[in-house]
Amino acid sequence: MKTIEQCTQDLIQSIQDTEEYRRYQELRAVAEQDPQLRKALNDFRRRVYQTQTSGETLDHFSEQERLGRDAAQFRKNELVDEYLKMELHICRMIQEISFQLADAIDLDLDDVLEEIP
């Protein structure tokens, strides 16, 4: 188990050593200096998350359109645009790592997953 723990720590350090993560942390520090900007970023990120994870389909399309219009306006701020790009890059990096782990570790879940709608 110590090997897994060490590899996990090495992976975390590798992510933290990326240019994207360092830049994200710099942008985050700048955003934290402006409470209104930080609140706007968090509100926007919350709306994106809620829209993506909502099971409701009736208003989903209109909310996606509204979110797209708001995002275009919001991202005119260069700090906001770069912050969200760096955040997305890091999220995709973590997602890719998770996919690779899930693909490599055979938990024999195919029959179980077939039964889940």
Side-chain angles (χ1 to χ4, degrees):
M1 196 61 162
K2 287 218 181 270
T3 301
I4 292 173
E5 290 170 4
Q6 183 59 52
C7 288
T8 302
Q9 290 305 310
D10 291 345
L11 178 58
I12 291 167
Q13 189 62 55
S14 294
I15 292 169
Q16 291 174 337
D17 288 344
T18 64
E19 180 60 33
E20 293 85 0
Y21 184 79
R22 283 193 300 268
R23 182 65 180 145
Y24 172 77
Q25 291 301 326
E26 291 170 4
L27 294 164
R28 181 178 168 193
V30 171
E32 286 176 353
Q33 299 297 316
D34 182 346
Q36 286 181 319
L37 177 61
R38 184 72 180 154
K39 181 180 180 339
L41 271 166
N42 286 336
D43 289 347
F44 177 76
R45 292 163 65 218
R46 189 176 299 106
R47 280 184 56 208
V48 169
Y49 176 79
Q50 289 171 336
T51 300
Q52 291 174 345
T53 59
S54 172
E56 300 173 22
T57 56
L58 285 178
D59 287 325
H60 190 71
F61 182 73
S62 60
E63 181 58 24
Q64 285 279 42
E65 282 187 337
R66 187 173 25 259
L67 195 55
R69 285 191 304 272
D70 292 349
Q73 185 66 29
F74 191 44
R75 291 183 88 138
K76 287 182 180 179
N77 179 322
E78 291 179 25
L79 174 75
V80 168
D81 188 53
E82 188 177 4
Y83 177 93
L84 293 173
K85 282 179 183 176
M86 292 300 106
E87 181 181 62
L88 179 61
H89 183 82
I90 293 164
C91 288
R92 286 186 174 157
M93 187 185 335
I94 294 167
Q95 184 181 49
E96 181 58 33
I97 291 166
S98 298
F99 287 155
Q100 288 183 36
L101 282 171
D103 284 346
I105 308 300
D106 183 9
L107 293 177
D108 191 27
L109 295 174
D110 292 339
D111 292 340
V112 174
L113 295 174
E114 282 180 9
E115 302 297 321
I116 298 173

Separation of Lys39 NZ from Asn42 CG (nearest 0.5 Å):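 Here the interatomic distance stands at 8.5 Å.
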Is atom [atom1] of [X] surrounded by more than 12 heavy atoms (other residues, nucleotides or ligands) closer than 6.0 Å?
{"X": "Gln36", "atom1": "CD", "value": "no"}
{"X": "Arg45", "atom1": "CZ", "value": "yes"}
{"X": "Asp106", "atom1": "CG", "value": "no"}

Apply salt bridge (charged side-chain N to carboxylate O under 4.0 Å, His left out) to residues Lys85 and Asp81 and explain how you reach the verdict. CA-CA 6 Å; Lys85 282 179 183 176; Asp81 188 53; 3.1 Å; yes
Shared ILVMFWY cluster between Tyr24 and Leu88, side chains joined below 4.5 angstrom?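 No, Tyr24 and Leu88 fall in different hydrophobic clusters.
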Ignoring hydrogens, what is the shortest heavy-atom contact between [X] and [Y]? Give both atom names and the distance.
{"X": "Ala31", "Y": "Leu41", "value": "CB-CD1, 3.9 Å"}
{"X": "Arg28", "Y": "Tyr83", "value": "CA-CE1, 3.8 Å"}
{"X": "Met93", "Y": "Ile15", "value": "SD-CG1, 4.0 Å"}
{"X": "Arg22", "Y": "Gln16", "value": "CG-O, 3.8 Å"}
{"X": "Glu20", "Y": "Ile90", "value": "O-CD1, 4.0 Å"}

With sequence neighbours excluded, residues passing ring pair (Phe, Tyr, Trp, His ring centres under 6.0 Å) with Tyr21: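 For Tyr21, no residue satisfies ring pair (Phe, Tyr, Trp, His ring centres under 6.0 Å) once neighbours in sequence are set aside.
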Using distance only, find each side-chain donor-acceptor pair of residues 2-12 under 3.5 Å and give its atom names and separation, not counting sequence neighbours.
from	atom 1	to	atom 2	distance (Å)
Gln6	NE2	Asp10	OD1	2.8
Thr8	OG1	Ile4	O	2.8

Given the rule in the salt bridge (charged side-chain N to carboxylate O under 4.0 Å, His left out) test, do Arg38 and Asp34 qualify, once you have shown the distances and angles that lead to the verdict? CA-CA 6 Å; Arg38 184 72 180 154; Asp34 182 346; over 6 Å; no
Salt bridge flag under 4.0 Å for residues Asp70 and Arg66: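 No, Asp70 and Arg66 are not salt-bridged.
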Is any side-chain heavy atom of Glu26 less than 4.5 Å from a side-chain heavy atom of Arg23?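 In short, these two side chains touch, coming nearer than 4.5 Å.
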Is the closest side-chain heavy-atom distance between Phe44 and Leu84 below 4.5 Å?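 A side-chain contact exists here, since the closest heavy-atom pair is under 4.5 Å.
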